[in-house]
Asker: 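Sharing a structure below in structure tokens format, with a few things to ask.
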Amino acid sequence: MALPPGLFEDRGPGTDRELAVVFRSGTGGYDTYRIPAAVCTARGVVLAFCEGRRNGRGDSGDIDLVLRRSTDGGETFGEPLVVLDDGGNTCGNPCPVVDASTGRIVLLTTWNRGDDREREIIDGASEDTRRVFVMHSDDDGATWSAPREITTHVKAPDWTWYATGPGNGIRLERGAFAGRLVVPCDHIEAGTKRYLSHCILSDDGGATWRRGEGTPRDQVNECAVVELADGTLLLNMRNYDRAQRTRQVAVSADGGETWTAQRHDATLIEPICQASLVRWYWPDADRPGAVLFSNPASRDARVGMTVRLSRDDGATWAESRLLHAGPSAYSSLVVLPDGSAACLFEAGDEHPYEAIVLARVAFAR
């Protein structure tokens with residue numbers, strides 16, 4: 001790896017480096033670290049999840065879910081913890097959500113046999129299929145419950161491929177559905193092979209789950225969700241319609257059960273890649289609220305990790321910050337305990353998968 005000297009060095013106490021390595025590929029017994037997901041717990045512990053890909057960079061094979069915790073607001077991180085390891089099988093797509101009312105962190109994830117490839121699963125030619133599991137932690141991510149399968153509750157019988165997140169879910173804070181946990185997901189229909197986004201929902205703190213309806217139109221998959229000031233949900237989706245190389249969005253007025261008004265957002269250009277979306281803060285009497293969005297802001301390549309700011313609930317994106325001009329891919333935004341925001345993202349010098357780094361995002365509040 002040819003990481004620029006100084007730029008991707010591990011962060012130490014008191015440092016002011018803009019980027020800090022949280023996971024460096026080729027260390028800790030893993031060939032590659034991919035698929036970041038970050039949340040801040042109710043007690044202020046920052047959790048940085050990802051997939052530890054043991055034998056290669058690919059999406060199948062022996063893949064574990066790993067975690068590093070920060071108790072000082074993202075300045076330093078503890079030793080990596082293995083959250084889920086099923087031998088040679090694939091445990092991936094971390095999508096944590098914090099239930100602020102209880103402090104519980106609920107983690108959604110997917111599983112498949114390590115010898116089943118994505119194309120085989122999509123074609124219905126695999127030995128098994130994608131399965132969905134939920135875990136939880138009541139001690140800020142230090143320990144985790146055993147995984148519990150919820151596939152039959154959230155995946156329709158005629159769906160083949162399935163993915164949770166990746167990134168973060170949300171707990172609704174306003175309106176008739178306050179308290180609901182909403183986790184963005186995607187699936188592929190058997191036969192038609194249509195790519196669609198949807199959300200799964202829990203009204204009892206993650207004890208039980210059900211699936212919402214898919215988006216009105218296909219050619220979308222990995223997605224992120226945010227609650228708007230009026231209680232409406234905004235779903236932001238990876239787009240496969242290459243006639244318009246921009247993200248697609250849709251809205252829900254029923255807490256994620258159904259989606260309408262699907263359209264392209266012309267500002268949010270993308271090269272076909274995952275992205276992240278998070279509420280930074282809510283509006284009050286003195287200022288409008290703020291929503292943040294991150295992705296590699298390019299129509300053609302996974303480069304240029306950029307965070308955009310909207311002060312009108314995603315209607316426009318008037319401000320932006322370039323975090324890394326070079327190769328970059330998946331990302332996960334997180335609001336830190338001090339109220340500032342940060343982005344956990346894949347980045348490198350020669351390719352995007354050399355490291356997963358953390359960068360603070362500097363916008364005026």
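All values derive from a computational prediction rather than experimental measurement. Just the heavy atoms: all of them, side chains too, but no hydrogens, waters or symmetry mates, feed the values below.
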Asker: Can you pull out every salt bridge (charged side-chain N to carboxylate O under 4.0 Å, His left out) where at least one residue sits in residues 41-50? Sequence neighbours excluded, please.
Answerer: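 Only Arg43-Asp140 qualify under salt bridge (charged side-chain N to carboxylate O under 4.0 Å, His left out).
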Asker: Show me the pairs that pass salt bridge (charged side-chain N to carboxylate O under 4.0 Å, His left out) and involve residues 296-306, at least two apart or across chains.
Answerer: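 Residue pairs passing salt bridge (charged side-chain N to carboxylate O under 4.0 Å, His left out), neighbours aside: Arg245-Asp300.
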Asker: How would you list all residue pairs meeting salt bridge (charged side-chain N to carboxylate O under 4.0 Å, His left out) that involve residues 141-161, not counting sequence neighbours?
Answerer: Arg131-Glu149
Asker: Which atom names give the shortest non-hydrogen contact between Ser137 and Thr143, and what distance separates them?
Answerer: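 Ser137 and Thr143 have their closest heavy atoms at OG-O, 2.8 Å.
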Asker: Side chains of Ser126 and Asp128: any donor to acceptor distance under 3.5 Å?
Answerer: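 Distance-only check fails for Asp128 and Ser126.
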Asker: Distance-only, no hydrogens or angles: does the Asp254 side chain make a donor-acceptor pair with backbone N or O of Phe177 under 3.5 Å?
Answerer: no
Asker: Excluding sequence neighbours, so at least two apart, what forms ring-ring contact (aromatic ring centres under 6.0 Å, His included) with Tyr281?
Answerer: none
Asker: Once ring-ring contact (aromatic ring centres under 6.0 Å, His included) is applied, do any residues pair with Tyr33, and if so which ones, sequence neighbours excluded?
Answerer: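 Scan of Tyr33 (ring-ring contact (aromatic ring centres under 6.0 Å, His included), adjacent residues dropped) gives Phe23, Tyr30.
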Asker: Checking side-chain contact (heavy atoms from CB on, under 4.5 Å) for the pair Val278/Val334: CA distance, chi angles, key distance, verdict?
Answerer: CA-CA 7 Å; Val278 72; Val334 60; over 6 Å; no
Asker: Taking ILVMFWY side chains as joined if any heavy atoms are under 4.5 angstrom apart, and letting links pass through other members, which residues group with Phe293?
Answerer: Val226, Leu228, Leu234, Val249, Val251, Leu268, Leu277, Val291, Trp317
Asker: Going by ring pair (Phe, Tyr, Trp, His ring centres under 6.0 Å), name the pairs with one or both residues in residues 41-85, residues two or more places apart or in two chains.
Answerer: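 Qualifying pairs: Phe49-Trp144.
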Asker: Classify the side-chain pair Arg247/Asn239 by whether it contains a donor and acceptor separated by less than 3.5 Å.
Answerer: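 No - no donor-acceptor pair under 3.5 Å links their side chains.
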Asker: Would you list the pairs meeting side-chain hydrogen bond (donor to acceptor under 3.5 Å, both in side chains) in which at least one residue belongs to residues 80-91, sequence neighbours left out?
Answerer: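 Listed once each, the pairs are Asp86-Asn89, Asp86-Trp111.
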Asker: Answer yes or no: is there a donor N or O on one side and an acceptor on the other, between the side chain of Ser60 and the main chain of Arg117, under 3.5 Å?
Answerer: no
Asker: Does Asp64 reach the main-chain N or O of Val66 with its side chain, forming a donor-acceptor pair under 3.5 Å?
Answerer: no
Asker: Could you name each residue pair satisfying salt bridge (charged side-chain N to carboxylate O under 4.0 Å, His left out) that touches residues 168-188, not counting sequence neighbours?
Answerer: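 Output for this query lists Asp99-Arg171, Arg180-Asp203, Arg180-Glu257.
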Asker: Do Val335 and Leu333 sit in one hydrophobic cluster, given that two such residues count as connected whenever their side-chain heavy atoms are within less than 4.5 Å of each other, even indirectly?
Answerer: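 Both belong to a single hydrophobic cluster.
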Asker: With sequence neighbours left out, what residues match Thr267 under side-chain hydrogen bond (donor to acceptor under 3.5 Å, both in side chains)?
Answerer: none
Asker: Going by the rule side-chain hydrogen bond (donor to acceptor under 3.5 Å, both in side chains), which residues pair with Glu319 if we only count those two or more places apart in sequence or in a different chain?
Answerer: Arg311
Asker: Using a 4.5 Å cut-off between side-chain heavy atoms of Ile, Leu, Val, Met, Phe, Trp and Tyr, which other residues end up in the same hydrophobic cluster as Ile200?
Answerer: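 Val97, Val106, Leu108, Val132, Val134, Ile150, Val154, Trp159, Tyr162, Leu181, Val183, Trp209, all in the cluster of Ile200.
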